[in-house]
K.L.:
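Okay, handing you the structure first.
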Amino acid sequence: MRTSRRGLVIAASLITATALATGVAWAYWSAQADSVPALSKADVVGAGSQPTVTVNADTVALSWAATTTTAGRGVTGYLVSRYPAATGGTATAASQGTCAATPVTGLTCSETSTPGGSWYYTVTPVLGAWRGSESARSTAAVVNQSHTFALSWTAGGTRTAGVGSTLTITALVGAQTDATYNGGKTLTFSGPGAAPNGASPSYNGGNPSVTFTNGVATAPVTLYKAESTTLTVTDGTSSGSLPTTVTPAAASRLQVPTPATPTAGTTFSLTLTAQDPYRNTATSYTGNKTLAWTGPGTAPNGTSTPTYQNPVTFTNGVATTPVTLYRAETTTLTVSDGTNSGSTTAFTVLPATASSLDLPTPAAQTAGTAFTVTLTALDAYRNRVTSYTGGKTLNWTGTGTLGNSPSGSTPLYPTNPVSFTSGAATVSITPVKAETATLKVTDSTINGTSATFTINPGAATKLAWTNVTVSAGTLSTPCLFTCTANAVGNNKNFTARVAVTDDNGNTVNNLVAGTNVTVTTAGGGSFTAPTPVPNGGAGPITLTISTSGPAVSTQQFTLTTQNGAWTTDTLTATKTGYTSATATINKA
């Protein structure tokens, strides 16, 4: 019976499908000729080439030649295996490094952390789901068998000084336990030191021989020095290390360091340390502790007593606590929790630097009259700072300080620089405004402020306008001893009262005897108040000054400018014994 080409293709496809279904993938099918597309033939993946190996410590580097199919097509990768012998034995897939890839797509790879022994490597080419034949085995890759020790504490965590622990020692080859490492092994232990009191570590009860079973041994260890260290174990060839923290035993005393010379009012840190019987820091001494502090005294201000923190929080046997002392003296400091205690040796507390200028509050003063105050440089606790000496540039400003007078004059302060001797200087000040005020002074670093005090007006010497308004135009500033009203216009009002003041324009109070003030006009204006107005409004008018309280006229007067052509009108307030006040009223 003849079999058609189409039938051959179908049969070949079935064979291939069957092979795939059973896991045997040794060939694939490709077209035989372009003129007969339905005619195909099998193309077989070739065998892998023998790899070349080099060894560096526990790393084996492999390289091999490329494999192709019978038809010359390249494969997609290679599977790497190793055997324990040149022939026979069971293959192990490479499991570390770049050789562990499935597949390795290049022609080289490296297996890392290779177990000790002699190994023979092969490569198997793959193309998709198809595999070629495994290569011949490489020459022996000899990886030396070197042990390391893995160390661990059976109980885990940290050790306690003077308390025994169990150390587990595991012999390793690579990352695996070496079960062949057995029997008594002479080990050397090193790392942890002797405690401050001289107690040395104890290993395996003093016996250097440690017995291993299936690569594992245990040994009792007692350490005495509280520290973070590294415990090392060696048999002369192999070794292992374990970072170890040793904590101290319970506290038996407090160690209090002697501070350097502190400054009054300056907080310094005092580190208290609880210590165990081996003079290690007693890390089990933790939490809040109420301590008794004795020694230093109260500052000269009588209120600043030494400041200590209570309770003091200890962490791992140590507490850094703030201490502030205020009295300049030589003293000692003792600390006790009622059971454990400790003391410093003698130390000196120095006075602080200047932190303020003491500015005493003056008694009642008079505007225009100088008075003196004594400034003293003090520290924060009322200690006089005698080191504050020499010329100081002082600034007498700030809200609530002496103001300018109504006439515009300014207070007089001492000329800079002000000379201080042993922390003090007496200065002269002249106020000009009648008011309730304070004194404030600063050298730009330290300041001083008095309490409020009264400045009374000076002697009655002048007449001045007060409560001045105009129905049109503008008034000069100040409108006091003299006053100018501009752009008032026709038939407009200038209204005011008259006050008796001191030289600086402060209104005086409580005149002993009453007085009358005469106000005249030199222009065409006419008085319209107070009524009745003499001479048909031409004046002059007489105002009565109050004798109780501020010396201001009890009447308010009004001058009304004329209509028609005029330029200037002049008002004058006069009283024998006082400087007159004048006011110029301009039409334009």
Side-chain angles (χ1 to χ4, degrees), residues 15-16 18-28 42-70 73-148 150 170-183 212-216 237-238:
I15 295 170
T16 302
T18 302
L20 287 172
T22 60
V24 179
W26 50 270
Y28 66 94
D43 190 7
V44 178
V45 179
S49 62
Q50 182 182 31
T52 300
V53 295
T54 57
V55 179
N56 182 11
D58 62 355
T59 297
V60 180
L62 291 79
S63 62
W64 57 89
T67 298
T68 63
T69 67
T70 302
R73 292 174 173 79
V75 298
T76 56
Y78 303 87
L79 303 177
V80 180
S81 300
R82 53 180 165 82
Y83 290 85
T87 59
T90 301
T92 300
S95 59
Q96 302 289 336
T98 57
C99 290
T102 55
V104 177
T105 57
L107 298 177
T108 62
C109 70
S110 295
E111 184 175 28
T112 59
S113 299
T114 309
S118 295
W119 302 104
Y120 300 82
Y121 286 83
T122 65
V123 294
T124 300
V126 296
L127 177 61
W130 289 271
R131 296 189 182 186
S133 301
E134 184 178 34
S135 71
R137 301 183 189 185
S138 68
T139 58
V142 179
V143 179
N144 292 329
Q145 291 183 331
S146 59
H147 293 96
T148 59
T170 304
L172 301 176
V173 174
Q176 305 297 319
T177 300
D178 183 7
T180 65
Y181 192 85
N182 291 303
F212 282 78
T213 302
N214 294 326
V216 179
T237 301
S238 304

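Just so you know, these numbers come straight off a predicted model, no measurement behind them.
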K.L.:
Among all residues two or more places apart in sequence or in another chain, which pass the side-chain contact (heavy atoms from CB on, under 4.5 Å) test with Thr170?
P.N.:
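If we apply the side-chain contact (heavy atoms from CB on, under 4.5 Å) test to Thr170, skipping adjacent residues, the hits are Ala150, Thr168, Leu172, Thr177, Val216.
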K.L.:
Considering only distance and modelled atom types, tabulate donor-acceptor pairs under 3.5 Å from the side chains of residues 89-106, sequence neighbours left out.
P.N.:
{"from": "Thr98", "atom 1": "OG1", "to": "Ser110", "atom 2": "N", "distance (Å)": "2.8"}
{"from": "Thr98", "atom 1": "OG1", "to": "Ser110", "atom 2": "O", "distance (Å)": "3.4"}

K.L.:
Check Thr108 against Ser63 and note the closest heavy-atom contact, atom names and distance.
P.N.:
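That closest heavy-atom pairing would be CG2-CB, 3.7 Å.
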K.L.:
Using every non-hydrogen atom in the two residues, find where Thr59 and Thr112 come nearest and quote the distance to one decimal.
P.N.:
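Heavy atoms of Thr59 and Thr112 come nearest at OG1-CG2, 3.9 Å.
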K.L.:
Any donor-acceptor pair under 3.5 Å linking the side chain of Ser135 with the backbone of Val123?
P.N.:
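A pair under 3.5 Å: yes.
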K.L.:
Run the side-chain contact (heavy atoms from CB on, under 4.5 Å) test against Ser49 and tell me which residues pass, sequence neighbours left out.
P.N.:
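Scan of Ser49 (side-chain contact (heavy atoms from CB on, under 4.5 Å), adjacent residues dropped) gives Trp64, Ala65.
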K.L.:
Kindly write out the residues that satisfy side-chain contact (heavy atoms from CB on, under 4.5 Å) with Ala66, not counting sequence neighbours, or none if the list is empty.
P.N.:
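In terms of side-chain contact (heavy atoms from CB on, under 4.5 Å), with neighbours along the sequence ignored, Ala66 is linked to Tyr78, Leu107.
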K.L.:
Can you name the residues that form a side-chain contact (heavy atoms from CB on, under 4.5 Å) with Thr76, not counting sequence neighbours?
P.N.:
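In terms of side-chain contact (heavy atoms from CB on, under 4.5 Å), with neighbours along the sequence ignored, Thr76 is linked to Val126, Leu127.
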K.L.:
Which residue pairs pass the side chain to side chain donor-acceptor pair (under 3.5 Å) test with at least one member in residues 120-129, sequence neighbours excluded?
P.N.:
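Passing the test, one end in residues 120-129: Glu111-Tyr121, Thr122-Glu134.
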K.L.:
Donor-acceptor pair, Arg131 side chain versus Val45 backbone, under 3.5 Å?
P.N.:
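No.
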K.L.:
Of the non-hydrogen atoms in Pro125 and Ala47, which two are nearest, and what is the gap between them?
P.N.:
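Taking Pro125 first and Ala47 second, the nearest heavy atoms are CG-C, 3.9 Å.
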K.L.:
Give the minimum heavy-atom separation between Gly215 and Asn182, together with the two atoms involved.
P.N.:
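Taking every non-hydrogen atom into account, N-OD1, 3.6 Å.
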K.L.:
So, do Val60 and Leu62 sit near enough that their side-chain heavy atoms are less than 4.5 Å apart?
P.N.:
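Val60 reaches Leu62 side chain to side chain.
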K.L.:
Looking at Pro51 and Ser138, what are the two nearest heavy atoms and their distance?
P.N.:
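Nearest heavy atoms, Pro51 then Ser138: O-CB, 3.3 Å.
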